[in-house]
There are 4 protein chains.
Amino acid sequence: MNARRRSDDRTETIMRTALDLALEVGYAKLSMEAVAARAGVGKDTIYRRWPSKALLFLDAVLSSRNTGLEHPDTGDIVADLREVMSRAADLLARPPWGPLYQDLIGEAQHNPDVAAALNQRFIQPQTADTLARLKVAKEQGQLAPDFDLDLAFEILSGPLYFRLLITQQPITQAYIDRLLRALFAGMAPEPHPR
Amino acid sequence: MNARRRSDDRTETIMRTALDLALEVGYAKLSMEAVAARAGVGKDTIYRRWPSKALLFLDAVLSSRNTGLEHPDTGDIVADLREVMSRAADLLARPPWGPLYQDLIGEAQHNPDVAAALNQRFIQPQTADTLARLKVAKEQGQLAPDFDLDLAFEILSGPLYFRLLITQQPITQAYIDRLLRALFAGMAPEPHPR
Amino acid sequence: MNARRRSDDRTETIMRTALDLALEVGYAKLSMEAVAARAGVGKDTIYRRWPSKALLFLDAVLSSRNTGLEHPDTGDIVADLREVMSRAADLLARPPWGPLYQDLIGEAQHNPDVAAALNQRFIQPQTADTLARLKVAKEQGQLAPDFDLDLAFEILSGPLYFRLLITQQPITQAYIDRLLRALFAGMAPEPHPR
Amino acid sequence: MNARRRSDDRTETIMRTALDLALEVGYAKLSMEAVAARAGVGKDTIYRRWPSKALLFLDAVLSSRNTGLEHPDTGDIVADLREVMSRAADLLARPPWGPLYQDLIGEAQHNPDVAAALNQRFIQPQTADTLARLKVAKEQGQLAPDFDLDLAFEILSGPLYFRLLITQQPITQAYIDRLLRALFAGMAPEPHPR
DNA sequence: CCCTAACCGAGACGGTACGTCGTGTCTTCTG
DNA sequence: CAGAAGACACGACGTACCGTCTCGGTTAGGG
């Protein structure tokens, strides 16, 4: 009801500053000293809140905006997935967020705390949202009763991450459509499946 | 024809030392100083050969062994893919190689040189090998003429990397089988696709 | 008239704590934070009373005890001086007071406030006491009318401080006797002075 | 014969810089960071040579000049002592050297390394020089055979240090003369000594 | 006897400096 | 004469205190 508490102000100032700097020089060259200096804050004030650069960065990235990646429900599961995948590709594979997200995942590879926090705060909610939408579709009969929702999610997500992190090929709308078509129309090895 | 040249010895000594140290303390805590000291080599001798820690590490990891991930051809494309995917999962997602491979990919996220070298020296050959095997299968009529080989490769690889890098769920034989079944038996959403 | 006021209690608690800590870790490693923490007192409560660590320390040392260095008057000026000098050497050049006193003088070298307070609160009273005793002796005819009292005091004190602060040689009873003998029997360079 | 070695240059640069800074801001506010920055040198380069600010400062002060406090020998011991004491008072009790010397002695009060080095490198040589001059005088019959040389030195030095370090009274030529007169003419307690 | 202003503990805060580590370059000296 | 050894300038680390500044929670005295 009343004004935001003093310490909260600093927390947000620091995260915003960290994000700004990360956007300017990249996560690798981000330094606690620079964040402290630009934020007009003592280093202790940062270390009191985050034990490492990695977790500050994670917090800064994940707190900075609402992802806008919630699933709509137009009644057409394929259209809805297409919509969210497109938005995700636009957001996470393009500047300014793309490099930050890549760095976050890069850091997670050798930092269990970051890996855990990233999973808990971003991957799992996003996964749960997708699975919920798929579940509704299955209940509405748009998907077969034995449709493997978990696997479907990974088949849709995996290739996108593969392109983002490994081959760095662009993730186009056409590619998303190919993926969706393969998943929902079946990728039968023979001309006439079944 | 005669004994290996002196400088080659050093190159290999350094790479082996770097690899040993990386296995002991992890890539993040690997230092050029430590490599030089343990290898009994001047730091310049390292910098003369590699421009950065990242590329030395990449070289050390990729040169250290033959991957053994070439595709067999038993005539059964699914069995052959299953075999290679299992071997890859065993090799790349488990200690001692798993963490190193993860670190390599992590480093690639903010280091274009590493990303390029990793692609060129590991990902692309591996991709080409798989695609070649798939092409043979298509020519033998095991796959439909319009079967999207590139996409198939990414649908098989993507989810494995997703689990390795993002969710850190285990990559079991059962999971590989689920993936292969989905891809080759089709994942029709409705009982009677099309 | 009634019980000591609350704030006085704190003042003494703080000084006592400062003294304890100084005895344990030395003045150089004494910190206001540590004093506050051990005294169970806020830092402001200390700063409200003393403007700096140095002046708190000075207060703590000088308030902690009565020196017991007042001059007796047995009628024998030499014996009386000998007595006081011995007591001073025992007190100020030996643990636990010696190191504290040395630190105080050390601090005074670059802190005019400490230098002034030390002079005013310890050195000058002590000097005045000695000079008063010498004056009585002169009036009693034990000393020549033109005996230079001020200089005599400095000749007695200077060498003691020289040993305490500079050469760190022990100040023995024998040394004090040598000093007194030199001063009162004369240190004639030639067999027959003048 | 050939040019000064590189590392020697840095050693001297650092000492000179430390001395300059000490003259500007005083020893208490001298910081290793500031020395390094102004000398254009990494902090490690300083720490490789001196383990602490105190020892760097000591080295800087003691190496910076020849004291010029060697004893002349005009044949008149009193005149020679007077000469050296005057020069010492001018040098050590006046800016710019006075404050530095005071700080050095101040630091020595809680730093045994500094105390030892100061004694060994400055006090003892100076003492030895004075005693040698006194010894010559005694051999020439200017001083009585039982003249206590060591004590004489301390009676001459002690009061000067007492004024410098404790009471901060000025050390005038007149004061030096009073001291010398007292020592050599005798300070008889009675009107007619002996 | 309650109210209220002063005081207090606790410790966050912006700073400064510490002493250490690793980087990539540059020197020195040796086998 | 190449290479080990390591010095070097630099930048960042994470820590310790400084002296100032909130923040609530007493606490005692005056109404």
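Numbered from 1 within each chain, the chains take letters A, B, ... in sequence-line order. For clarity, every value in this text was computed on a predicted model and none was experimentally measured.
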Once you round to the nearest 0.5 Å, how far does CG of C:Leu92 lie from CH2 of C:Trp97?
9.5 Å
Are B:Arg38 and B:Asp20 close enough for a salt bridge, meaning some N to O gap below 4.0 Å?
no
Position toward the 5' end of DNA chain E (nearest nucleotide), C:Ala39 or A:Gly42:
C:Ala39
Measure the distance from CZ on A:Arg48 to C1' on E:dC13 and round it to the nearest whole Å.
6 Å
Distance below 4.0 Å between B:Arg10 side-chain N/O and F:dA2 OP1 or OP2:
no
Nucleotide F:dA5, atom C1' - distance to CZ of B:Arg38 in whole Å:
18 Å
Enumerate, atom names and distances included, each donor-acceptor pair closer than 3.5 Å involving a side-chain atom of residues 26-36 of chain B, sequence neighbours excluded.
from: B:Tyr27; atom 1: OH; to: B:Glu107; atom 2: OE1; distance (Å): 3.0
from: B:Ser31; atom 1: OG; to: B:Ala34; atom 2: N; distance (Å): 3.0
from: B:Glu33; atom 1: OE1; to: B:Lys43; atom 2: NZ; distance (Å): 2.8

Check whether any side-chain nitrogen or oxygen of A:Thr45 sits under 4.0 Å from OP1 or OP2 of E:dG14, and answer yes or no.
yes
Output yes when at least one side-chain N/O atom of D:Arg49 is less than 4.0 Å from OP1 or OP2 of F:dC8, else no.
yes
Point-to-point distance, once rounded to the nearest 0.5 Å, from CD1 of B:Ile105 to CD1 of B:Ile123
6.5 Å
Let me confirm one number: the OG1-CG distance from D:Thr13 to D:Asp9, rounded to the nearest 0.5 Å.
6.0 Å
Nearest whole Å is fine: how far is E:dA12 P from A:Asp9 CG?
17 Å
Between B:Val41 and D:Gly40, who's closer to the 5' end of DNA chain F by nearest nucleotide?
B:Val41
Would you call C:Asp59-C:Arg121 a salt bridge at under 4.0 Å N-O?
yes
Given protein heavy atoms under 4.0 Å, the one-letter contact record of nucleotides 18-25 of chain E, with B base, S sugar-phosphate only and - none, is simply BBBBBBBB
